[in-house]
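Step one of this worksheet: look at the structure below.
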Amino acid sequence: MQLGLVFYYLIAFFVNIITFSNTSTIGKHLLIPHSVKQTRPIIDSNIKTIYLSFDDGPLTGTPNCIDICTKEKVPATFFEVGLHQSRSAFGKNVYQQILKDSALFAIANHSFSHAYSKYISFYHHPDSALLDFLKAKYYLKPTNNITRLPGNNAWNLMTKKRASELVSPLVKKMDSIGFNVIGWDLQWRFNKNGRPIQSPKWMAMQVDSLFFYNQTVTKNHLVILMHDQMYRAPQDSIKLAQFIQLLKQNGHYTFQKLTRYPGLKPNI
Ligand SMILES: [Zn+2]
């Protein structure tokens, strides 16, 4: 019995030596600590971060935005409208498609009703407007506390605070319950038919210029606002792909979801 035990420990000892000295990098470092070169992470101060954001979905243009970002492997944030998500099987299905790729995409709160496009009245009633965002939170179940006001470029993060007189009462209420409010640095505009106005090249030049002249809310971080519906037609969705490809050609640009934006209030 005792001999068996000794034999067992001997086997275990040799197995340990073989494992430890074989292919494990960690094991090698532990055995020969002085051979490990301390390497510092390379910090490229020229790196600039772009945050693509798509507003007002789920709508018929949203699947194209999902497909293009997936194909180009670029992260994006979808500011969803609770009503659009909850009113149809299509809305729920597209919402699930975004949700499915949480590595690439984030869903953020863009209100429930989008103010039914009656912005002045919406912002003049901050208590009901706040309830509208809470209702959207119930339906969208975002895993972050990022919001964007309908039809208004306001900001409320840890230190970045920008709000017009009209939206300020609502933004203060949102701030008090921990919401981050994120606007945008650059918008790709659309015409009365909902089609993109500027060319992909013009948009890429705007990005270059805003970074160069440090005209973004946070230095070296740029938020682009687009609307899902702009890319519902193939001749327009190709412009989104071209824009992303132009941005990727600049070796100093990287893409992130807005959950990685600096200075966010913590998720509570
Ligand atoms: Zn909107």
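Heavy atoms only: backbone and side chains are in, while hydrogens, waters and symmetry mates are out. Ligands are counted one by one from 1 in listed order, and the atoms in each one are counted from 1 as well.
Cluster membership for L59 and Y231, using ILVMFWY side-chain heavy atoms within less than 4.5 angstrom, is not shared.
L264 forms part of a hydrophobic cluster together with Y51, F79, I146, W155, L157, I182, W184, V217, V223, L225, L258, Y261, judged by ILVMFWY side-chain heavy-atom separations under 4.5 Å.
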With a cut-off of 3.5 Å and sequence neighbours excluded, list every side-chain donor-acceptor pair involving residues 99-110.
unit_1: D101; atom_1: OD1; unit_2: L104; atom_2: N; d: 3.3
unit_1: N109; atom_1: OD1; unit_2: S111; atom_2: N; d: 2.8
unit_1: N109; atom_1: ND2; unit_2: F133; atom_2: O; d: 2.9
unit_1: H110; atom_1: ND1; unit_2: R148; atom_2: O; d: 2.8
unit_1: H110; atom_1: NE2; unit_2: D56; atom_2: OD1; d: 3.0
unit_1: H110; atom_1: NE2; unit_2: H114; atom_2: NE2; d: 3.1

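A salt bridge links D236 with K239: at least one charged nitrogen is closer than 4.0 Å to a carboxylate oxygen.
F122 is linked by a ring-ring contact (aromatic ring centres under 6.0 Å, His included) to nothing, counting only residues two or more places apart in sequence or in another chain.
With rounding to the nearest 0.5 angstrom, the NZ atom of K173 is 4.0 Å from the CG atom of D127.
Counting only protein N, O or S atoms closer than 2.8 Å to the Zn ion (ligand 1) gives 3.
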